[in-house]
Amino acid sequence: MRKYVIRRLLGMIPTLAIISIIVFVVIQLPEGDIVTSTLDQLSATGVDLSDDRIQNLRAQYNLDQPLPVQYLAWIGNFITGDMGFSYLYAQPVNELVWERLGYTLLITTCALLFTWVLALPIGIYSAVRQYSVADYAFTTIGLIGLATPNFLVALILMYFGYTWFGLSFGGLFSPEYLNVPWSWGRFRDMLAHLWIPVVVIGTSGMAITMRLMRANLLDELKKPYVITARAKGVPPLKLLLKYPVRIAINPFISTIGLLLPALISGEAIVGVVLNLPTTGPLLVQSLITQDMYLAGSLIMMLSVLTVVGMLLSDLLLAWVDPRIRYERA
Amino acid sequence: MSELRELSPSRLAWLRFRRHRLAILAACFLVVLYTLAAFCEFISPYTPEQRNVRAINAPPMDIRFVDAQGQFHFRPFVYDLKLTINPDTWMREYEEDSSTPYPLRFFAKGVPYELWGLVPAERHLFSVDPRGPGYIHWFGTDSLGRDMFSRVLYGARVSLSIGIVGVGLTLFLGILLGGFAGYLGGIVDSVVQRITEVLQSIPTLPLWMALSAALPTAWSPITTYFGVTLILSLFGWTTLARQVRGRFLAMREEDFVVAARLLGANDSRVIFRHMLPSFSSHIITTATLAVPAMMLGETALSFLGIGLRAPVVSWGVLLQQAQNYQVIVMTPWLLLPGAFIVVTVIAFNLLGDGLRDAADPYSSLSEK
Amino acid sequence: MNDSLLSIEDLIVEFKTELGSVKALKEVSFDVPYSSITAVVGESGSGKSVTSNAIMRLLPDSAQTSGEIILRPQGREPIAINSLDERDPQMQELRGGLVSMVFQEPMTALSPVHRIGDQVAEAVLCHRKVSQEAALAEAAAMLEQVGLTEVESKMRMYPFEFSGGMRQRVIIAMALICNPQLLICDEPTTALDVTIQAEILVLIKSLQRKLNNSVLFITHDLGVVAQIADRVVVMYDGQVMETGSVRQVLKSPQHPYTLHLLSSMPGIKIVEELQTSSEGWAEGAPMGSGTVLGDAGGGRQVREFSK
């Protein structure tokens, strides 16, 4: 097992390296560089810099170096925790991302749990009562959920929230808790707001999870070991949960890896609609204003989050499923 | 037991597909929708940019056959909208004015347009006499007084075609790379495998966002359109490539492929004459199920303002107007493009499910 | 008054499908006496497995059954299995407690994610109120009885670490641990190597002698029948063709189908005159109208057939 963990950890390194190159290339794509944009801003305010100063500035950002050197400098700084400077916010990127990343992680994790807590039992029910009215109903709801973009769910929820309850959603905190230190009240206030993005982001994953669980369980229910257990005299409900469900659930642990990028993607857009203090709106802002250091760092952080999530899901799967544990050790 | 007849594989597939009534329904719906989108200039009563200053944020109008006096008219008509400004909220409020009906005209001359940007014409499927004061906004208007029905139709052309074009590109990349990986194996295989793994572990939307934000703003609408499509497919091919690779790997060992090779067929003949046809049905199914993902991707990007940009009209661009709840509460009909997205995606999913069942030679006809 | 452990009377099983119904069993009747091994032999599709699944009530919902299956456990009231409700507590007691089963596919019949020891012990825990430790201890003892070595470490292993023969031993242990009165073996050796096959057969036979229970042994292999069984039931197309002691049926088969079956076995000599009488049997020939040609002596019955 330890060997497997180490191998997986080492395997992350090339993946992250390739991702970082892709991200670096992407942030290099827009025309101009950070110094020219800074200069444009400065000259707009009437400040003109001497050529010497400009050269210095370029050297400071390694812009006078060839691209590979620039890349190494960027990634080196990134690893040591220096993510550059956002001129949009006139703040080091560092100070901007951490808190928002925390909220993103919180919302994504809750959305994942929400998806499972609701979708897995429904999938089990649909499989056991195949072709029942409820099965059809759940399948229909799932189909609609699959087809509705996250942000549309958010918009519709906002509409009904306002017209029916006079609520205005948005943000993670009520105004009075916006910029105050953490307290019990602030935490409770956050929970009262948190469920909306969690539900919105969770719905899209729910449909897939439901369908997969139903299909997996239908497959497992036909397997001989289920009959063996029945012949052994295991009571029906215990049998269902202990054998086929247990095995049908295993693949879901590995789908964390597939679901996570989708959830993080979903969070990015729902964050904009619901005005959340997460990475999504920041990313959109930085992209629209071409604040590429900020954008690059954000995408890199989100990718790291995904890769780590995938690693954790793989380890969890190995821990739960003995076959994988032995095969890969 | 029923009489045994010999059925060709394609006939069997059709029989299996026909059992899926929902899939048939979805297919019909999509055909209608694509036809509407193809002839959107003719079907919509206005051009998407045309502004009606007398109907700003006007609600959808009812097309009526029965007037306020309860009399039936063979020719449908709409009532004029009377605008009042609410003195408390300073909001525009519209009320139907049943004293002035505007009858609909069919195939009549209206706003001139160019069909497919080529053929100049001015007849519309339906319209209200443009020389008079009347107007028809079946789906209401937006904050600039533009007709939502026309805009939804024009948007359909872009949104629907981006799905098809994008999936075409995805298929090309996926089959090419997956096929190479699966057929050649060795180093090619591990490189492609590695790339797909990496691409699958990047959250797609942020990367899409970054790439389309990098598209030069100076690009023409049509270039941006292809740019966005390319970006969407650039990361969409991985799933398909994996499937194709798996199939190729398995099939490389199958007897009929080995036999073809032993008979001296070269690689390309083996691939294109023997291997691809044997899972083309599978590819069609996967493609059908991939269209919605493309459409949803475009919608998301445009909605955020970093995909397609006005003056291009797509369903995502249209939804961009409905980003905050004040707008949604005041003018909920701006969400209509969203309804079109949902229904279209559902239709593609149903069709894909039906095709998958039909293409699977092992799914039996008797089983439900 | 019947004095067998299990009596099957006029059992009919019909499967409903969209294309119509298929009769898998057409009035099957036979007995399984106490303390004996009864083999059911027939080609695939003859209804052997449907019969054994009907006894365990493991048929899918699409199956409709009629007829009687009566179990007469020693020291208890007889149970009419076929009319038990699925939720009846007797049902749970029956499965694994009074009757248990060994399956054809040892590779898939065990749960891949549970430890061997736990799976065997679960059978105990389902039927008796004992502690987890006691159940595990019993499981270990039983695994030793079926010929596993180093049981302590094997208990903690998973099925995929076992060979087919070892898994089949585990399944036998699981089936016998509650000391059932009837053990159904559904082609338990078909998926195994020939040498392992012989070992498993010896094991089943010796355990039957030791525990003094009854075994219903489903097989298509007459060689296996000769090796293990006391009595034989020959089935074809959902009907019983012939029943009798192994000696009677194999030495002097009365029904042409039995003869046909025998002649298809390599290495079994058939008396010339009997062979000629097998010409009356052809694939798909009518197998009699359901009446039984009286008792041929010694509990022997042969179905009527037309020449």
Side-chain angles (χ1 to χ4, degrees), chain A residues 14-19 22-23 26-31 130-131 143-144 146-152 155-156 158-159 161-163 168-170 257-258 260-269 272-273 275 279-280 283-284 286-288 290 292 295-296 298-299 302-303 305-307 309-310, chain B residues 22 194-195 197-218 235 239 292-293 295-297 299-301 303-306 315-316 319-320 322-330 332 334-335 337-339 341-350 353 368:
Chain A
T15 311
L16 285 174
I18 299 173
I19 292 178
I22 296 176
V23 171
V26 168
I27 62 176
Q28 293 298 320
L29 278 181
E31 290 162 46
Q130 203 187 357
Y131 303 131
L143 198 61
I144 295 171
L146 196 66
T148 318
N150 271 324
F151 65 88
L152 200 60
L155 292 177
I156 293 168
M158 273 158 87
Y159 176 74
Y162 187 85
T163 49
S168 60
F169 299 141
L258 289 173
L260 210 55
L263 288 175
I264 286 180
S265 292
E267 195 282 317
I269 191 163
V272 175
V273 178
N275 191 22
T279 46
L283 182 61
V284 175
S286 64
L287 287 171
I288 290 175
Q290 307 224 321
M292 288 328 247
L298 279 171
I299 299 176
L302 292 178
S303 306
L305 213 63
T306 315
V307 172
M310 282 177 154
Chain B
L22 279 173
R194 200 77 212 146
I195 296 175
E197 258 169 49
V198 171
L199 286 182
Q200 283 187 333
S201 60
I202 308 181
T204 35
L205 193 69
L207 202 63
W208 279 348
M209 283 157 68
L211 278 171
S212 51
L215 294 180
T217 27
F235 296 95
T239 323
M295 286 181 47
L296 291 176
T299 313
L301 286 181
F303 176 74
L304 289 175
I306 45 184
W315 288 341
L319 281 175
Q320 213 185 328
Q323 275 204 359
N324 60 56
Y325 74 88
Q326 285 99 332
V327 176
I328 303 166
V329 172
M330 288 298 129
L334 291 185
L335 285 178
I341 295 170
V342 174
V343 177
T344 311
V345 172
I346 289 179
F348 268 111
N349 276 323
L350 289 175
D353 282 352
K368 179 114 193 272

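So that the names make sense, note that chain A is the first sequence line, chain B the second, and so on, each numbered from 1. Because the structure is predicted, anything quoted here is derived from the model rather than measured. These values consider heavy atoms only, across backbone and side chains, with no hydrogens, waters or symmetry-generated copies.
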Can you see which heavy atom on [X] is nearest to which on [Y], and at what distance?
X      : Y      : answer
B:L319 : B:L334 : CD2-O, 3.8 Å
B:M295 : B:F348 : SD-CE1, 4.3 Å
A:A147 : B:I346 : CB-CG1, 3.3 Å
A:A295 : A:L283 : O-CD1, 3.9 Å
A:G266 : A:N150 : CA-ND2, 3.3 Å

Among the options A:I156, A:L143, A:I264, pick out the one with the most heavy-atom pairs lying under 4.5 Å from chain B.
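Top option by heavy-atom pairs under 4.5 Å: A:L143.
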Between A:L298, A:I19, A:I144, A:L16, which shows the greatest number of heavy-atom pairs under 4.5 Å with chain B?
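Top option by heavy-atom pairs under 4.5 Å: A:I19.
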Region of [X] that comes under 4.5 Å of a non-hydrogen atom in chain B:
X      : result
A:L302 : both
A:L155 : both
A:V272 : side chain
A:I22  : side chain

Flag the one option from B:P292, B:A300, B:A347, B:A339 with the top tally of heavy-atom pairs under 4.5 Å to chain A.
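Counting heavy-atom pairs under 4.5 Å, the top option is B:A300.
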Let me know if B:L296 has heavy atoms under 4.5 Å from chain A in its side chain, its backbone, both or neither.
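For B:L296, side-chain heavy atoms alone lie under 4.5 Å from chain A.
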Starting at CD1 of A:I269, measure out to OG1 of B:T299 and round the result to the nearest 0.5 Å.
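Answer for the CD1-OG1 pair, A:I269 versus B:T299, is 8.5 Å.
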